J.: 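The structure follows.
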Amino acid sequence: IALLARGFNLFQQGLLNTDPTAVADLDAIIRGTIINLLAVFLFTLVAATIFSRNLLTEPIEQLAQGVRELQEGNLGVTLPVRSGSELGELARSFNLMSERLAARTRDLTESNEALRASEQRYAEALELTEQRVQERTLELRALLELSNSTALTLELHPLLDSILER
């Protein structure tokens, strides 16, 4: 800074063209200014990289990872919400979507299990009904045969023997 102030003073005095030390001082000032500008540029570049990494890259990578987990079936996965920015709003929306998907999947699973249980009860009731129909059919056939043999037999003794056999 002192060299820069001396350079401006020399320039104002118009001594740059005649004094060799003034020219050397001006060269040193220019070199120092360029080095300082490069240092500030590099520092700003590093700071901007770190800043963008923390505010942009990491949240976007977390969102991408969350989407991959959701694709693999990990319903209910949530992302950390660190800000109120658009990325924070996106993370909140993702979390809500993921929770709703998990809830709907749970509801569908419960409904599916209830339907299977109902189907099993129906199958058991149908099987029991079919079994009863078969038993009743056998009884009715036996009664039909007995009725037919009774109608055709006039003698009491063979009729009683026929009934007792069945």
Side-chain angles (χ1 to χ4, degrees), residues 1-140:
I1 293 179
L3 285 176
L4 190 57
R6 177 156 163 61
F8 282 124
N9 286 337
L10 290 174
F11 183 74
Q12 286 176 349
Q13 294 171 4
L15 299 175
L16 289 178
N17 292 335
T18 58
D19 188 9
T21 57
V23 173
D25 285 345
L26 186 59
D27 285 342
I29 291 170
I30 291 173
R31 267 189 253 109
T33 303
I34 290 174
I35 290 172
N36 286 336
L37 285 174
L38 284 174
V40 168
F41 174 75
L42 290 176
F43 176 76
T44 304
L45 183 64
V46 169
T49 301
I50 292 171
F51 181 74
S52 70
R53 174 126 177 98
N54 288 336
L55 291 180
L56 294 175
T57 307
E58 285 180 10
I60 291 172
E61 286 175 358
Q62 288 174 346
L63 181 61
Q65 179 61 33
V67 168
R68 281 190 293 275
E69 287 184 37
L70 197 60
Q71 279 178 326
E72 292 172 3
N74 185 5
L75 302 178
V77 66
T78 58
L79 301 175
V81 179
R82 295 187 179 134
S83 71
S85 68
E86 290 85 359
L87 288 174
E89 182 61 31
L90 189 60
R92 271 189 290 283
S93 296
F94 177 86
N95 291 343
L96 182 61
M97 177 188 67
S98 179
E99 290 168 7
R100 285 183 178 169
L101 278 173
R104 287 193 178 131
T105 301
R106 264 192 315 274
D107 291 345
L108 285 173
T109 301
E110 290 170 3
S111 295
N112 195 19
E113 289 172 2
L115 185 60
R116 282 189 182 138
S118 175
E119 183 181 0
Q120 181 66 31
R121 286 191 306 272
Y122 175 75
E124 290 170 0
L126 182 61
E127 184 179 329
L128 182 62
T129 303
E130 286 177 357
Q131 185 180 12
R132 286 182 184 167
V133 166
Q134 286 176 353
E135 290 171 0
R136 187 69 178 146
T137 301
L138 290 175
E139 290 174 4
L140 289 173

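Remember, it's a predicted structure, so these values are computed and weren't measured experimentally.
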J.: Tell me whether N74 contacts the main-chain N or O of L70 through its side chain, where contact means a donor paired with an acceptor under 3.5 Å.
T.: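 Side chain of N74 to backbone of L70: no pair is present.
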J.: Only one of R132, E124, E130 passes side chain to side chain contact (heavy atoms under 4.5 Å, CB included) with L128; say which it is.
T.: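 Of R132, E124, E130, side chain to side chain contact (heavy atoms under 4.5 Å, CB included) with L128 is met by R132 alone.
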J.: Go through the side-chain N and O atoms of Q71 and R68 and say whether any donor and acceptor fall under 3.5 Å apart.
T.: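 No pair is found: no donor N or O on one side chain lies under 3.5 Å from an acceptor on the other.
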J.: How far does CD of Q65 sit from CD of E69, to the nearest 0.5 angstrom?
T.: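 Those atoms lie 5.0 Å apart.
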J.: In Å, rounded to the nearest 0.5 Å, how long is the span from CG of N95 to CZ of R100?
T.: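 With rounding to 0.5 Å, CG (N95) is 12.0 Å from CZ (R100).
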J.: Could you state the interatomic distance from CG (L45) to OG1 (T49), rounded to the nearest 0.5 Å?
T.: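 L45 atom CG to T49 atom OG1 measures 4.5 Å (nearest 0.5 Å).
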J.: Surrounding CD of E135 (heavy atoms of other residues, nucleotides or ligands, distance under 6.0 Å), is the total greater than 12?
T.: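 Counting neighbours around CD of E135, more than 12 heavy atoms of other residues, nucleotides or ligands fall under 6.0 Å, so yes.
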J.: Between atom CD of E110 and atom CD of E113, what is the distance when rounded to the nearest 0.5 Å?
T.: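 Spacing of CD (E110) from CD (E113) equals 7.0 Å.
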J.: Looking only at heavy atoms, what is the nearest atom pair of A91 and P80, with distance?
T.: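 A91 and P80 have their closest heavy atoms at CB-O, 4.1 Å.
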J.: First locate atom CG of L90, then atom CD1 of I60, and finally report the distance between them rounded to the nearest 0.5 Å.
T.: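 With rounding to 0.5 Å, CG (L90) is 9.0 Å from CD1 (I60).
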J.: Is the number of heavy atoms from other residues, nucleotides or ligands under 6.0 Å of E119 CD greater than 12?
T.: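 Not buried by this count: 12 neighbours or fewer within 6.0 Å.
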J.: Would you give the length of the straight line joining atom CG of L87 to atom CG of L63, rounded to the nearest 0.5 angstrom?
T.: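 That separation rounds to 8.0 Å.
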J.: Is S98 reaching over with its side chain to a backbone N or O of T78, donor-acceptor style, under 3.5 angstrom?
T.: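 No; judged by distance alone, with no hydrogens or angles, the pair does not exist.
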J.: Just by distance, do the side chain of S118 and the backbone of A114 share a donor-acceptor pair under 3.5 Å?
T.: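 Here the side-chain-to-backbone pair does not exist.
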J.: Looking at R92, I'd like to know if its CZ atom is crowded, meaning that more than 12 non-hydrogen atoms belonging to other residues, nucleotides or ligands lie closer than 6.0 Å.
T.: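 Yes - once you tally the heavy atoms of other residues, nucleotides and ligands closer than 6.0 Å, there are more than 12.
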J.: Measure from the side-chain N and O atoms of T137 to the backbone N and O of V133, and report whether any donor-acceptor pair falls under 3.5 Å.
T.: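 Yes, the answer is positive, given that a donor and an acceptor are paired below the 3.5 Å cut-off.
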